[in-house]
Amino acid sequence: MNISRFPRRRYTLGYTPIEKLNRLSDIAGGGVNIYVKRDDMLGLTGGGNKTRVLEFLMADALEKGADTIITCGAVQSNHCRLTLAAAVKEGLKCHLVIEQRVPKSYDATANGNNFLFNLLGVEGTHVVDGGSDMLAEMEKVANLLKSQNRNPYIIPGGGSNAIGSLGYVACMQELLCQFTEMNLSMDYIVLTSGSGGTHTGMLCGAIGFNANIPIIGIGINRPKDVQRKSVFTLCDKTSDLLNLKNRPCYEDVIVFDDYIGKGYSYVTDGMLEAVKLTARTEGILLDPIYTGKCMAGLLDLIKKGYFPKGKNVLFLHTGGSASLYAYTNEFTGS
């Protein structure tokens, strides 16, 4: 499988580290060895998984002569932060369409990512109600810009299309190189499954490179069956783009939906506990929406004996800790 034929921008110097979480492994019990892939240390403002996705999407936008990037996300969207940062780095303008998935939750003066949107100089922020047709809303912005003789490029939520998914096909290739260099074998990879691009890229990479490592998705927004279908559909599109002979089948798409709570961005007790435990044992910050719930899922699966004793499990840290600062009341109980 050759991904070098696709145009790509580079926003990170070298590989992100793999660390063994000894103290967390001991506390989790079950005889499982927990490792972490530190994609929270990727390049661009604050790091996170979307940096990999944007390397391919921004290259495509530049090839098409774009002068403005349009994307969408929730109120504290890490994807929006990083897309805006990539646009700034490339000298492009950026418009964000923000979906209030929790009613009346947007506050332009809020801390966390909302503060960073303004600091980075977003050209336009367009707030819509939860459940809006986000593609249609982005197209409205694009049509307005086109009427001003601009050339906008739309990036879907999470950067989750076939081009964006190439970022985590590349990540799987990087991981396999690291495993060889470290003389390390990995039995499972656990990651957040949200808009689906990261899950898709890792799964296509695992199958395409014959890695034979199960990819376990912890859902944070949709019921399991809906999420599995969404990821599988994107796997098909990404496999077509890559001309894969070996491609994921539906049974390869593993998703748990037990850790969502009331819904996307809503706090859960398990998330609060997992974020605090990871910070206090390993000095690593998780975020309250994605990696916090994902870690809660990993720890619960270990407790339930899902992973056999002695197995190595890699937690893919997709970043997002900037949003912690908008949830301080939930952590302090004030």
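Counting only distance, with no hydrogens or angles, the side chain of Glu99 and the backbone of Val127 share no donor-acceptor pair below 3.5 Å. In this structure a side-chain-to-backbone donor-acceptor pair under 3.5 Å is present from Asn114 to Asp107. Checking side-chain atoms of Lys293 against main-chain N and O of Ile260 turns up a donor-acceptor pair under 3.5 Å. The main-chain N or O of Arg23 is found under 3.5 Å from a side-chain atom of Glu282 such that the two form a donor-acceptor pair. Looking only at distances, a side-chain donor or acceptor of Ser25 sits under 3.5 Å from a matching main-chain atom of Ile34. In this structure, the side chain of Arg247 does not engage the main chain of Gly208 through any donor-acceptor pair within 3.5 Å. Between the Thr278 side chain and the Val275 main chain, no donor and acceptor come within less than 3.5 Å of each other. A donor-acceptor pair under 3.5 Å links the side-chain atoms of Asp187 to the main chain of Asn312, judged by distance alone. Of the possible donor and acceptor atoms, none in the side chain of Ser165 sits under 3.5 Å from a partner among the backbone N and O of Gly201. A donor-acceptor distance shorter than 3.5 angstrom exists from the side chain of Gln76 to the backbone of Asn113, with no hydrogens or angles considered.
Between Asp60 and Lys64 there is a salt bridge, since at least one side-chain N of the basic residue sits less than 4.0 Å from a carboxylate O of the acidic one. With salt bridges taken as basic N to acidic carboxylate O contacts below 4.0 Å, one links Glu123 and Arg150.
Separating the CG atom in Asp252 from the CD1 atom in Ile207 is a distance of 4.0 Å, to the nearest 0.5 Å. Ile69 CD1 to Leu92 CG: the interatomic distance, rounded to the nearest 0.5 Å, is 5.0 Å. Atom OG1 in Thr71 sits 5.5 Å away from atom CD1 in Ile155 (nearest 0.5 Å). Taking OH from Tyr153 and CD from Glu63, the interatomic distance works out to 10.0 Å, rounded to the nearest 0.5 Å. Distance check: Phe209 CZ to Met1 CE gives 3.5 Å after rounding to the nearest 0.5 Å.
Phe56 does not carry Arg9 over the face of its six-membered ring by the limits of under 6.0 Å from the centre and within 45° of the normal.
Follow the hydrophobic side-chain contacts under 4.5 Å out from Leu277 and you reach Leu285 in the same cluster. A chain of hydrophobic side-chain contacts below 4.5 Å, direct or via other Ile, Leu, Val, Met, Phe, Trp or Tyr residues, connects Tyr327 to Ile220.
A side-chain hydrogen bond (donor to acceptor under 3.5 Å, both in side chains) with Tyr11 is found for one member of Arg52, Glu90, Glu55, Lys89 and no other, namely Glu90.
In summary, the aromatic rings of Tyr306 and Phe256 are positioned with their centroids under 6.0 Å apart.
Using modelled atom types and a 3.5 Å distance limit, the side chains of Glu137 and Ser132 yield no donor-acceptor pair.
A search for ring-ring contact (aromatic ring centres under 6.0 Å, His included) contacts involving Tyr264 returns Tyr290, not counting sequence neighbours.
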